[in-house]
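Below is one structure; the comments refer to it alone.
Numbers restart at 1 for each chain; the letters A, B, ... are given by sequence-line order, proteins then strands.
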2 protein chains.
Amino acid sequence: MYTIGQVAELFHLPISTLRYYDKEGLFPCLERQSGIRKFSERELEALRVIECLKRSGLEIKDIKQFMAWCLEGPSTYPDRKAMFEARKQALEEELQQMQKTLDMLRFKCWYYETAMQDGNEDRLNAMLPDHLPPEIQTLYDNAHA
Amino acid sequence: MYTIGQVAELFHLPISTLRYYDKEGLFPCLERQSGIRKFSERELEALRVIECLKRSGLEIKDIKQFMAWCLEGPSTYPDRKAMFEARKQALEEELQQMQKTLDMLRFKCWYYETAMQDGNEDRLNAMLPDHLPPEIQTLYDNAHA
DNA sequence: GTAACACCTGAACCTGACTTTATGTCAAGG
DNA sequence: CCTTGACATAAAGTCAGGTTCAGGTGTTAC
């Protein structure tokens, strides 16, 4: 059993956030002793799942839905699986987009490195868009694909 | 020369967003004819850069700073490069985190697939945390690394 | 027994990036 | 001439995800 302050420290979260999660129904089984929240292993596990779902882009209300499904038992396995599948696909697409953005950023770093050496962008502008050094061309093309 | 409506269509952005960007100073050279915004090639190029910087996680006010540097000339090449370097590093770290999250999601998909087959989580709970099938164990470990 | 401290509540406030609303100007078409 | 449609403005509203605050309670330490 942990107090809210101990859990906050364990998870490096502000106490206010834990209270907010509770208010939003993310700890449906949370118990209290004379008003004071008592966090058990069940809530810690919930918190681990919450962190994962949050990172994967879910909103609080969707996480609440997931918690509700968990309470409901095995009949909701398909819902829970569908939710994770959907998130997985969304994240995979986001990852692809990020790779493109990253190539763009790498290109821009090279661009300004070169501009600094030249003192201007004249030579660079003459090279664009298809007379760049080979590996830079790849970055540029990836970023615009 | 384009009207705000044409640009909105070209970039699949609401008109209100373009006006908001203008209000925030993202088009420092934008001209007007009797009050009406006239978007030229310069603003389209700015918009392409804005989209990239936004995807890379920059806030509007930082993008505004970048636009100001571009106006200022070659003396700000180092600032612009530093900005892209910082974004590049941040995005690379974020990408790593996302890979971990993705492994967690893949694990959860397998978990609920298995739970559905079993009709309960008893066997799964007995396998956790270190008696999982080999490739699933890898996902699990990566996600918690 | 009283001070210090962690806890409680509910409500108001905050930030970023828009979006909506209310109101107004202006040129072209029926 | 008047309506329609695209443009303009300022100001307020929205949304997620918290944070802060005022005012009160409970337990522990001396």
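- Not counting sequence neighbours, the partners of A:Phe27 by the ring pair (Phe, Tyr, Trp, His ring centres under 6.0 Å) test are A:Phe39.
- For A:Arg37 and C:dC8, the shortest distance from a side-chain N or O to OP1 or OP2 is below 4.0 Å.
- Applying the salt bridge (charged side-chain N to carboxylate O under 4.0 Å, His left out) definition to pairs two or more places apart or across chains, none involves residues 62-72 of chain A.
- Of all nucleotides in DNA chain D, those with any atom nearer than 4.0 Å to a heavy atom of chain B start and finish, going 5' to 3', at D:dC7 to D:dT9.
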Base versus backbone protein contacts along nucleotides 11-28 of chain C [heavy-atom cut-off under 4.0 Å; B, S, -]: -----SBBBB--------

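- If you take NZ of A:Lys38 and C1' of C:dC8, they are 13 Å apart, rounded to a whole angstrom.
- In this view, A:Tyr21 satisfies the ring pair (Phe, Tyr, Trp, His ring centres under 6.0 Å) rule with no residue, not counting sequence neighbours.
- Contacts classified as side-chain hydrogen bond (donor to acceptor under 3.5 Å, both in side chains) and involving residues 6-15 of chain B (residues at least two apart or in different chains) are not found.
- There is a side-chain donor-acceptor pair under 3.5 Å between A:Glu43 and A:Ser40.
- Listed by chain and residue number, A:Arg123 satisfy the salt bridge (charged side-chain N to carboxylate O under 4.0 Å, His left out) test with A:Asp118 (two or more places apart in sequence, or in another chain).
- Take B:Asp130 and apply the side-chain contact (heavy atoms from CB on, under 4.5 Å) test, not counting sequence neighbours, and it matches B:Gln137.
- When the side-chain contact (heavy atoms from CB on, under 4.5 Å) test is applied to A:Gln97, the partners found at least two apart in sequence or on another chain are A:Lys100, A:Thr101, B:Arg55.
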